[in-house]
Every structure is written in structure tokens, then in C-alpha cells.
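FYI, side chains are in, hydrogens and waters are out, and symmetry mates aren't considered; it's all heavy atoms of this structure. Indexing begins at 1, ligand by ligand and atom by atom, following the structure's order. Since we're looking at a predicted model, the values are computed, not measured.
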Amino acid sequence: MMTGIRTIYADYQATTPVDPRVVEAMSPYWSDSFGNPHSSDHAIGWRAAEAVHKASASVAALIGADPDEVAFTSGATESNNLALLGLARRAPPVRRRVLVSAVEHKCVLAAARALAEREGFAVATIPVDREGSIDMDALARQIDETVLAVSIMAVNNEVGAIQEVSHISGLLRPHGIIFHCDAAQAPCAMDMGSLANYADLISLSGHKIYGPQGIGALYIRRDLQARVEPIIYGGGQQSGLRSGTVPVPLCVGMAAAVDIVRSPEGADERKRLARQRDSFIRLLRDGRFPVAVNGPVRDRRHPGNANVRFDGFSAYDVLGSLQPRLAASTGAACASGVPEPSHVLRAMGLSEAQADSSIRFSFGRFTTDDDIEEAAYLVVEALESLAP
Ligand SMILES: Cc1ncc(COP(=O)(O)O)c(C=O)c1O
């Protein structure tokens, strides 16, 4: 926006700016090393294929997998659709049930709904508790040998709840149930080096981790790959799992982003973010308005996430009056432009009014201590101006 006023960005869970090191890593692949990685007849194609292979290795290393278990997609939305629709379309006749948590991203919920409405699957929703954690007893009650797959995210995009994936995996494995985990928000929130030991399919996204938009990945455990029907047909690239020319610059960018996030710098960043997030909440509480935090306690929460409720205020009014100085959001980016109460907060037991009073602030790599102070000041000032 060309207002001349600086905007503090506190919406890193919606998307992240691309890290300058990622831009640099990508730059040779636009016009110098521009080959089609599937051109197997010449050296330019071979070099592009080598870059894609290296990128798969980085992404695989993030979750403790092998490069041939990773397929690049256009983002986590596509990965989630490929996982759920793909598994369902090759499901054995005895497994016609799919379970999803109540706090999944809309793309998982919508794909599951399509399975119910168009493909004859029985889809059930697993509830969460007041903090957004999966109700393990409810999950345990639902599972048996008729369930094909369970889809539960690693880290929630609205309240930052980190789920206990090892516990979930332990419940599912004895029944031969496939565990799909949407980990789009996980790399900046937790060490996920052993996630592939627990989840059978894992969705990732480039633009949540300081990589480019338009690229994601789906990990599919090697022995399950034959059980996934593609949702895009074509030249049979990526072992037939996802046809279409693989976008080399985007893959290289996603891999560079992954390499940063899984380096010691990633762990330091998580610590710094938790400190900044806590200080933001403390500063808000210094104001005269009651401030409630939605979601789990500190160590089971995305370190950059503060989902805060200002009872008696409309989140839209607060966000509106903060423009253009502070960018935060009500939670999931709303594609339709029609505001609706957050399904995540409602599933956690909040009333519609409480959900409508909640704002997600999410901090990230380029957030400074000054940003935190100024952001808190701006929010308190906005509340003052809106208070009756
Ligand atoms: C948990 C989660 N899953 C999936 C997505 C969709 O990711 P993409 O934008 O890469 O399609 C998002 C993005 O908002 C997300 O936060």
C-alpha cells in the first residue's frame, strides 16, 4: 500500500515474505539454468533434474524421509486433496470411513466433504477440547478396521495448537489405518525430524516457511504410493503421482527455505518468537481491557501464534481501525470475502460472539522487539478508540 505509513506484519501464519536467501538460491533457475527437469535427452534437462532431486532430498530430510517419498505439488491445498481423494479412490471395499479433526484447514474439510457427498464415504469429525487438542478418547472410540484414513494436522493455523502425532499414530497403527498429517504450519513451530516415523502422508507448503507461493509437497510413505490414485493426469511425472512439469525455481526455493528452517537458526527463531509473543500478550494485558488467549499453553503452541480475544469488541472493527498500521487477521484467510465465525474457535467451544471477538496475531522471522511493542500499543489504542 503506497500510504507512506509503515505496516507492521503480524500475519505470518497466512503467508510469509520470501527470505532473501531463498530469492538468491532461486535466481539462477529462471533464465540461466532454465531446463525442463523431464527433458532426459540433454545436459540442460539433466541439470534441472539434479536441482529437483536435491530439492526433494532437502524436503525429505525435514521430516525424516527419503527423496523418492516426496512429490512436489502446488501447495498444501493440493497435497491435502491428493492425499484424501487419492487414498479414497484406491480404498479397499472394506475401508469406507474417513476421520478428520474438527479444526482442520478448510481444504481438508472440503475434500472430506466431497468424499462423503460424491464418493460414498462415511466421514466423521473428531472433536477437540477447549485448547484445540484432539480428544483422544473420541478418536479411540471411532477407530476400527473399517476406517481407511485419519487426517489430523500437526499444528493448527488459527490457534497454533500442536497435536500429539506420536500418540495419534500409536492409536491408528494397530488397526492398519493410514495417518495423513497436514504439516503446513509445522516447520516454523516444532522440530519435525521424525514426523515420517509417525505419519504415513504429510502435506507441506512453501509459502508458510519463507519460501515461494505456488509450491508444496506431499510425502507418501514408499509402500503406500501404489495406494494413491493421482488427481492430476498427464505425462506421468513424479512416478505418476503428480503429472505436470515440475517448477524447478519453486522447488529450489522451497528447499532453500526448508534448509534454513531445519538449521539451528530455526530452533533459535522459535525461542525468540515465543519470547516476543509472550511479551506481546503481556503488553496487551497492561491496557485496561480484558484480554483472553484462545488455545493451548506455551509449550504446546506455535511459538509465533497469539490468538487473542477482546470480549465486547468486534474483531473486524479492531482490525479495520488498525489499518494500514498493523496487519493481523481473524484466522483462516477468507477467500469468499464473506466473514463467518471461525470453525476452529467454535469447535473449541467458544460462542459465536467470542469467536467474532478474536484476532490471530502471528509473528515471524522479521518481527523485531520494536514491532512487538508498537503492535501492542496500536491494538490498545484501537480498543480505546472503539470502546463505548
Ligand atoms: C494448516 C494449513 N493447511 C493448508 C493450507 C493451505 O496451504 P496452501 O496455501 O499452500 O495451499 C494452509 C494455509 O493457510 C494451512 O495453514
Practice task
Decide if the gap between the ring center of Phe313 and the ring center of Phe289 is smaller than 6.0 angstrom.
Solution key: yes
Exercise for the section: Check each heavy atom of Glu78 against ligand 1 and say whether those closer than 4.0 Å belong to the side chain, the backbone, both or neither. Expected result: neither
Completion exercise
For Thr77, the atoms of ligand 1 under 4.0 Å from one of its heavy atoms are 6 (C), 7 (O), 8 (P), 11 (O)
Fill in the blank from the handout: Here the atoms of ligand 1 under 4.0 Å from any heavy atom belonging to Asn157 are 1 (C), 16 (O)
Handout entry: Aromatic ring proximity, centroids under 6.0 angstrom, Phe280 and Phe363
Key = yes
Handout entry: Distance-only donor-acceptor check, side chains Ser58 and Asp259, under 3.5 Å
Key = yes
Exercise for the section: Keeping the roles fixed (side chain from Arg360, backbone from Ser329), state whether a donor-acceptor pair exists under 3.5 Å. Expected result: no
Practice task
Would you mind telling me if ligand 1 is within reach of the side chain of Lys208, the backbone, both or neither, using heavy atoms under 4.0 Å?
Solution key: side chain
Handout entry: Atoms in ligand 1 with a heavy atom of Met153 nearer than 4.0 Å
Key = 1 (C)
Handout entry: Within 45° cone of Phe121 ring axis and under 6.0 Å: Arg96 NZ or CZ
Key = yes
Problem - Part of Ala76 within contact of ligand 1 (heavy atoms, under 4.0 Å) - result: both
Practice task
Could you tell me whether Gln13 and ligand 1 have an N or O pair separated by under 3.5 Å?
Solution key: no
Completion exercise
Going by the 4.0 angstrom heavy-atom rule, the piece of His207 near ligand 1 is side chain
Exercise for the section: Tell me yes or no: between the side chains of Ser358 and Asn294, is some donor less than 3.5 Å from an acceptor? Expected result: yes
